[in-house]
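Just so we're on the same page: letters track the sequence lines, and every chain starts at 1.
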Number of protein chains: 2
Amino acid sequence: MSSPVLPSHGRVRPLGLAQVTLTGGFWGERQAVNATATLAHCESWMERLGWLANFDRVADGTTGPDRPGWPFSDSEVYKLLEALCWEAARTGDPGAEAAIKRLTARVARAQDPDGYLNTCFGHGDQPPRYSDLEGGHELYNTGHLLQAAVARLRTHGEDDLVRLARRAADHVCRTFGADGRAGICGHPEIEVGLAEFGRALGEERYVEQARLFLDRRGHGTLRDIPLGRAYFQDDVPIREAEVWRGHAVRALYLTAAAVDVAVERGDDELLRAVERQWERSVARRTYITGGMGSRHQDEGFGEDWELPPDRAYCETCAGVASIMVSWRLLLATGEPRYADLVERTLYNVVATSPSSDGRAFFYANPLHQRTPGRPADPDEVSPRAEGGTRAAWFDVSCCPTNVARTLASLHGYLATTDDDGLQLHQYASCEIRAELPDGRPVGVDVETRYPESGTVRLRVAAGTPGPWTLTLRVPSWAAGATLTEDGRTRQVSPGLVRVRRAFRAGEPITLDLPVEPRFTWPDPRIDAVRGCVAVERGPEVLCAESRDLPDPAALDALVIDPGSAPRAGDGGALVRALLPARPGGDWPYLSRPATPPGDAGWIDLPLRPYHSWARRGPAGMRVWLPASTPHPEGE
Amino acid sequence: MSSPVLPSHGRVRPLGLAQVTLTGGFWGERQAVNATATLAHCESWMERLGWLANFDRVADGTTGPDRPGWPFSDSEVYKLLEALCWEAARTGDPGAEAAIKRLTARVARAQDPDGYLNTCFGHGDQPPRYSDLEGGHELYNTGHLLQAAVARLRTHGEDDLVRLARRAADHVCRTFGADGRAGICGHPEIEVGLAEFGRALGEERYVEQARLFLDRRGHGTLRDIPLGRAYFQDDVPIREAEVWRGHAVRALYLTAAAVDVAVERGDDELLRAVERQWERSVARRTYITGGMGSRHQDEGFGEDWELPPDRAYCETCAGVASIMVSWRLLLATGEPRYADLVERTLYNVVATSPSSDGRAFFYANPLHQRTPGRPADPDEVSPRAEGGTRAAWFDVSCCPTNVARTLASLHGYLATTDDDGLQLHQYASCEIRAELPDGRPVGVDVETRYPESGTVRLRVAAGTPGPWTLTLRVPSWAAGATLTEDGRTRQVSPGLVRVRRAFRAGEPITLDLPVEPRFTWPDPRIDAVRGCVAVERGPEVLCAESRDLPDPAALDALVIDPGSAPRAGDGGALVRALLPARPGGDWPYLSRPATPPGDAGWIDLPLRPYHSWARRGPAGMRVWLPASTPHPEGE
């Protein structure tokens, strides 16, 4: 079945991508832009920068240490291949199919006879194979190759891409197997690639190799580096770790693999360890956007409660990786909290990154931008991960292809089945036609303007005989939701709501989620946003942009009235705000509290979805809004 | 005269180091530990790591790319030499004198015949000279060599060290002069070294070379790097810049040189530009400790109001460099605000770094440590600049030698003269015997337990005939200070207080500064400490340490009562605090404000000087204390 992730068992089962079709709406539109713009954009940049030619140069024996791109640039080609595979299957687009063949041919030529495949090591005067496990990313690249091959295998069947991936995987197993070198890669990814490739092929030894890599980690297997071994999670074995730490994408790719291995092996101890890490990391190291990564220095998690909005890193790839983890945990456990986090991260990280035209991307996703960025040049490679504007491409360009492969397969993350029915985890206009294990068809059509509107209209598809259970996730924020079915409307609580009965073909079922804007207060231990509130609307986090202020500089000083509930505004909300003038002093630490700004001059400040920020041009922005009466401790 | 900085003119003139003797007290004790422990500690580590042998290997023709240490390790030898020169002159210690000769001889052997001197470039298979101006630090190293030579020249006179420095400076001028290569160094320092060396030798062309380097900078002279050209201040010419930005030590060393050049050239436009940058940077980019540098990623300034306490970098070297800048501006202008910042930085950055035994150091000086560090191993080189414990040595070990040279010359920063008298800028037990330009002796003895006590007792030295003006700085925080002289006590306001008359030998003059602990509130635009207060006591910033809490974990949740003034405590203060239990939730963003902790359970929380933190062992720590009634905006 054509799912990105297909565990051999679990509480619920993913649908195949062919079983779900997005029919417009928030995600349908984004998936279309991805198809028509982003995929070609990525290929064109990789051609332009020589990242594709790196494969030709290996084949032609002309490569060397002057090879352009970082050691991990091969992986961008593989992530693009993965995206193209999902896309070709989704639409049958011959252009996507041609691109797969074109790219596969170039990659294939670069593979060494023994299966080793890498354009940065081991050829000409390049450093030898696996001579820099800490920083060389060779196994990381291979992991992404395997994920691409999984996509091809599940949507098309064995072909050159699958065969070359198999040779690469075999080379990894020979080199790093139980009798081989006891090494691991500085950047986890091979593990999740091997586990899924093993599942897709029914090759147990690939899963075993993933387990080996997992269990080798955390014992100081890699050399220490100035950032410390926590940077690449080689500080504590994954079974013993209490929380995610170090480089966020590394931590999350590793964790995704751990869920895969735990599920395949029935290793409940490992699964429970991952759940524990998820719990503490989500409770103490995650942004309101679902973003992860508090530090620029190491692109990493901070300590508990270290969640600065301005220097939030919240790498787009960490958002993708967090969804990989939570989706796997959802499949394993069926628990709605994992789908809650997937939803939050989709709307506030993944949707934030790409520009409306699909040709520029945010890499970091801070929650506070003090100074508007400068307009991006569509012909420029951004050397930096930050800057407040979406960039066409990056020196380190992991995010565009990660967005691409996620959007191309997004319809696979909406729903699951179990023995008794269908579970809807995310709400988007779509058609779902699935099958229960006993062969009974189940299906619904979903029509909604979610998240703009909270009304989600389902119609049961024709030909779903007998009783079955339709399960709907009521998001954790959706207190006051109602469900209308069988002519009756009732309140439903956050969590899972189940309807078990025989359904009539075309029967309407309506879930109404309350998407009025609402205030959200931070735990008092999050020092960086003390005395602030945020405004959320449905699954969307809202933000203020400097261009909506009479004086853009007032973004620094604005104060809102949390006693006055936010009102619905155009696609967002309005809050009562003051923009006090703050003359500059010569020293910012004062012998008495700052003078209150007084009651005059309240305005209606418009807030918009965070994912839309800087779409009207560079702007200052803030999610957390200082409150005039912050309901602080002890009041 | 034996001053580290000796401008040809200015509003006030520095004293020679021989004119001031520290007689115990806060700084006298630290200076003694520096002399007896730190200097030998630094030499021993540099021997152990081969940083000294790098010079021998150049001389012996045995060096190569395998040379140990970073490209800037030569500068540590030079900063130690500078410290030794000040120390040898201060005490006449033959050990220091022997060390100077020993180190100078090894350095001298490594100098090439044309004057080039560097152990990392240009010998054997090393990269060619000046082949990496962005990162190679060659001119940076030379700048520190020149500062060492200045110290030797002014305390001893011409010798091998001075001669080899002169050859090195000449080589720089030939290579990078007006007719030479229009390059600059990625790390400013050569400018301040050349300017002072030129002043010390009366060689105008060295000052001119410093000016050339200054004016070449800011035009994209260096290659762009991922952190951007602001990292090394090559983004905007120094005459046009509005604020300090990029790597803090780089920005401040450059600025110190700009003051030197401005003063020597009578370039008031440049001086005014620097003052403007100082004003905005101090008002918006400086920590309450005087620390500078808000970001770990680039060891750099943040944007205006970006002052996170937990990820504050506040590098010890940036504190040293900030004092270099403010001291120069004080000499140029006589304005007390510069001495205010010097005092704040001395007590809260420079004094914080070294351990009590002078053999371990803080590199970064954050204002909030959530997790206690692990005890440092005195035999271990710390690969990291952070960690919450003072380390014996660092992989990048700029801070220990910077502390050493600052403490060895600290008595030079206490007082100045002008045509009419003596100005005291810092208060420490000392004897001052200076001379006015007309040859009249002026002098005072100072006795004080400052900053523990606010009472500063002066006695006029014998033999200061005729009327002259004694000027005392009343720190900006010292509202309510009194001066007792000629039998009368009067209130004196922050700023400068002048007493002009003939003094009697032995006549007492007493300045009483109010050092009761006091609350300090942040500007509301400093988002990271909204809703918090700090407690200061005299020039010292205080902090809470987890080891003083009944439950160390309560450091995250503590709340203090800002309505209850802090009381004097043992060397610090006591504040009324709550330690509310905060059970963990599963998501830290709440639909209503956190429950106030209630009124029960107030305790007296002891606060101690920030500079003393972690001296009793690893601990969590915070300077900014969440306030139960934060007197927020609009209340």
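Between A:D556 and B:R284, no side-chain nitrogen of the basic residue sits less than 4.0 Å from a carboxylate oxygen of the acidic one, so the salt-bridge criterion is not met. A salt bridge is absent between A:D527 and B:R530: the closest approach of a Lys/Arg side-chain nitrogen to an acidic carboxylate oxygen does not fall below 4.0 angstrom.
Counting non-hydrogen atoms of neighbouring residues, nucleotides and ligands closer than 6.0 angstrom, the CZ atom of A:R223 reaches no more than 12 such neighbours.
Residues A:P588 and B:I526 have side chains in contact (heavy-atom distance under 4.5 Å, counting atoms from C-beta outward).
Note that the CH2 atom of B:W587 and the CG atom of A:D523 stand 12.0 Å from one another [nearest 0.5 Å]. With values rounded to the nearest 0.5 angstrom, B:L227 atom CG is found 8.0 Å from A:E386 atom CD. Expressed to the nearest 0.5 Å, how far CG of B:D586 lies from CD of A:E279 amounts to 8.5 Å. A distance of 8.0 Å separates CH2 of A:W521 from OG of B:S591, quoted to the nearest 0.5 Å. Note that the CZ atom of B:R518 and the CZ atom of A:R592 stand 12.5 Å from one another [nearest 0.5 Å].
Only the side chain of B:D224 comes within contact range of chain A, with at least one heavy atom under 4.5 Å from a heavy atom of that chain. B:R295 touches chain A through its side chain: at least one heavy atom from C-beta onward sits under 4.5 Å away, while N, CA, C and O do not. Looking at A:I288, the atoms closer than 4.5 Å to chain B (heavy atoms on both sides) sit in the backbone and in the side chain alike. With a threshold of 4.5 angstrom between heavy atoms, B:R622 approaches chain A through side-chain atoms but not through N, CA, C or O. With a 4.5 angstrom heavy-atom cutoff, B:T286 touches chain A via backbone and side-chain atoms both. Neither the backbone nor the side chain of A:R285 has a heavy atom closer than 4.5 Å to any heavy atom of chain B. With a threshold of 4.5 angstrom between heavy atoms, A:L307 approaches chain B through side-chain atoms but not through N, CA, C or O. Using a 4.5 Å cut-off between heavy atoms, B:E306 contacts chain A through both its backbone and its side chain.
Across all non-hydrogen atoms, the minimal contact from B:R370 to A:D304 is CD-O, 3.2 Å. Nearest approach of A:A283 to B:G585, heavy atoms of both residues: CB-O, 3.3 Å.
Most heavy-atom pairs under 4.5 Å with chain B: of the set A:D395, A:T371, A:D310, A:L341, this distinction falls to A:T371. Counting heavy-atom pairs closer than 4.5 Å to chain A, the top residue among B:R344, B:H368, B:R280, B:E536 is B:R344. Counting heavy-atom pairs closer than 4.5 Å to chain A, the top residue among B:D340, B:V396, B:T520 is B:T520.
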Check your understanding: Would A:H296 and B:H296 satisfy side chain to side chain contact (heavy atoms under 4.5 Å, CB included), going step by step from the backbone distance to the final call?
Key -> CA-CA 8 Å; A:H296 280 247; B:H296 280 246; over 6 Å; no
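Aromatic pair A:W624/B:Y589: centroids less than 6.0 angstrom apart.
Judged by distance alone, with hydrogens and angles left aside, the side-chain atoms of B:R384 form a donor-acceptor pair with the main-chain N or O of A:P226 at under 3.5 Å.
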